[in-house]
Amino acid sequence: MLEQIHLLAAVTVLGVLEQAYFSLQVIYARRTYGISPPKVAGPPEFERIFRAQVNCSEYFPIFVAVLWPAGLFFHQGLAAVCGLLYLYARYLYFTGYKKSASGRLTPMYFNAGLIWILIGLSGAGILHSLLFHYVGLNVLRLMDL
Amino acid sequence: MLEQIHLLAAVTVLGVLEQAYFSLQVIYARRTYGISPPKVAGPPEFERIFRAQVNCSEYFPIFVAVLWPAGLFFHQGLAAVCGLLYLYARYLYFTGYKKSASGRLTPMYFNAGLIWILIGLSGAGILHSLLFHYVGLNVLRLMDL
Amino acid sequence: MLEQIHLLAAVTVLGVLEQAYFSLQVIYARRTYGISPPKVAGPPEFERIFRAQVNCSEYFPIFVAVLWPAGLFFHQGLAAVCGLLYLYARYLYFTGYKKSASGRLTPMYFNAGLIWILIGLSGAGILHSLLFHYVGLNVLRLMDL
């Protein structure tokens with residue numbers, strides 16, 4: 001059974017490592033700009049790094065919550081590839097936002113697109129499972145006709 | 001096996017869609033009130049929408065973390081119904097908070113109540129599983145006597 | 001199958017209860033210092049409690065995202081023990097941060113250490129599963145030689 005989720009688990013743990021990296025960047029930025037906790041306001045350079053990390057943290061559970069259904073109900077390998085691209089796009093988002101507020105925009109659209117793809121894959125897979133179980137309708141066989 | 005989690009997965013993905021809707025509302029509010037990232041402070045109208053979204057994001061993983069154990073260890077259908085009510089209460093919370101700070105209160109209690117119900121269902125189901133496995137005690141059979 | 005995850009589910013639900021406790025502390029602090037939502041700025045005493053709760057919320061999904069792979073791919077009991085220690089360290093972090101900003105430091109390192117252990121357990125377990133499935137390599141048997 002574990003081989004049905006090991007790629008999803010691998011991408012999830014890589015995502016945790018990425019979040020750890022982002023958190024360390026905030027700690028370094030706090031030292032560089034002398035912003036001690038619990039303070040979160042400071043020069044724009046600091047606030048961009050801080051907000052980038054907050055935004056990535058906020059989306060992490062949303063990402064995991066669509067990655068797993070997409071992998072379980074649609075296709076593990078495809079979901080894992082989308083997941084890796086999402087983590088790469090998050091890295092570009094973080095480094096782009098660090099440089100300028102507008103630098104976050106392109107990777108943000110890339111991120112959002114990948115979340116929508118994972119929502120689509122999850123939705124299609126779950127709908128198939130629900131239709132098959134409650135209506136007895138096998139969409140895949142239907143398309144074979 | 002997937003039919004034992006498809007309702008939970010469906011509610012989770014609906015929850016992600018709701019979070020996407022809340023995020024879009026913040027983007028629109030940023031445009032309306034001219035608050036560019038990384039800024040998060042502004043007029044109370046903006047701050048209420050921003051805080052509503054932050055609060056919903058903060059509780060999303062907590063919601064998922066009790067929805068799934070409640071569904072797996074107690075009853076999937078019941079957990080899914082509580083989950084749908086929770087997502088509806090979150091919508092009322094967001095729209096209520098958008099209008100006024102006090103408008104968030106009633107749906108907030110509704111939300112909290114649903115989280116407590118899911119905690120109760122999870123707790124009962126997990127306790128049953130632990131007792132059965134480690135003590136050999138079948139609570140359900142005990143109640144049959 | 002549920003007995004392979006019941007300890008993980010128990011620790012997760014305990015984590016939700018801890019988050020509920022932290023949230024209540026923020027509500028009490030808001031009353032004590034007269035900081036009404038959507039405001040989040042105030043005296044350092046309030047801001048420390050507020051930031052402690054935000055930090056714990058931010059790390060909750062990250063914690064869950066390494067607890068479960070560590071339990072599924074390595075050892076459920078060991079992951080659950082690390083999980084309980086993590087929740088205890090989070091409690092020390094919250095109460096330490098409440099007293100002073102430096103009071104959060106020791107439990108913060110303790111927390112981080114436990115997350116790294118869970119990352120290590122997850123990583124080892126997942127790698128073993130991937131190698132076994134794609135390369136046919138059984139690391140455990142290899143070490144037996």
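Quick note on labels: first sequence line is chain A, next is B, and so on, each numbered from 1.
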Item to complete: Return yes when atom CZ of C:Phe110 has more than 12 non-hydrogen atoms of other residues, nucleotides or ligands closer than 6.0 Å, and no otherwise.
Response: yes
Item to complete: Let me know if C:Tyr59 has heavy atoms under 4.5 Å from chain A in its side chain, its backbone, both or neither.
Response: side chain
Worksheet entry | Contacting moiety of A:Glu18, where chain C heavy atoms sit under 4.5 Å | neither
Worksheet item: Is it true that the side chains of C:Glu58 and A:Gln19 contain a donor and an acceptor less than 3.5 Å apart?
Response: no
Worksheet, complete the sentence: Shortest non-hydrogen pair, C:Trp116 vs A:Ala20, comes out as CZ2-CB, 4.2 Å
Worksheet entry | Stepwise side-chain contact (heavy atoms from CB on, under 4.5 Å) test for A:Leu7 and C:Leu130 | CA-CA 8 Å; A:Leu7 297 175; C:Leu130 292 174; 3.8 Å; yes
Worksheet item: Could you state the interatomic distance from CD (C:Gln4) to CG (A:Leu2), rounded to the nearest 0.5 Å?
Response: 7.5 Å
Response to the item:
Whatever's closer than 4.5 Å to a heavy atom in chain A on C:Trp68 counts as neither
Response to the item:
To the nearest 0.5 Å, atom OG of A:Ser23 lies from atom CD1 of C:Ile115 at 10.0 Å
Worksheet item: Which heavy-atom pair separates A:Val16 from C:Ile119 by the least distance, and what is that distance?
Response: CG1-CD1, 3.8 Å
Fill in: Distance-minimising heavy-atom pair for A:Pro38 and C:Pro44
CG-O, 4.4 Å
Worksheet entry | Non-hydrogen side-chain atoms of C:Arg104 and A:Pro37 separated by less than 4.5 Å | yes
Worksheet item: Less than 6.0 Å separating the ring centroids of A:His6 and C:Tyr134?
Response: yes
Fill in: chain C contact via A:Ile5 - side chain, backbone, both or neither, heavy atoms under 4.5 Å
both
Fill in: Distance in Å, C:Arg51 CZ paired with A:Lys39 NZ, rounded so as to fall on 0.5 Å steps
13.0 Å
Fill in: Test side-chain contact (heavy atoms from CB on, under 4.5 Å) applied to A:Val13 and C:Leu121, C:Leu118, C:Ile126, C:Leu127, the passing residue
C:Ile126
Discussion item. Quick check on C:Tyr97 against chain A: is it the side chain, the backbone, both or neither that has a heavy atom closer than 4.5 Å?
Written reply: side chain
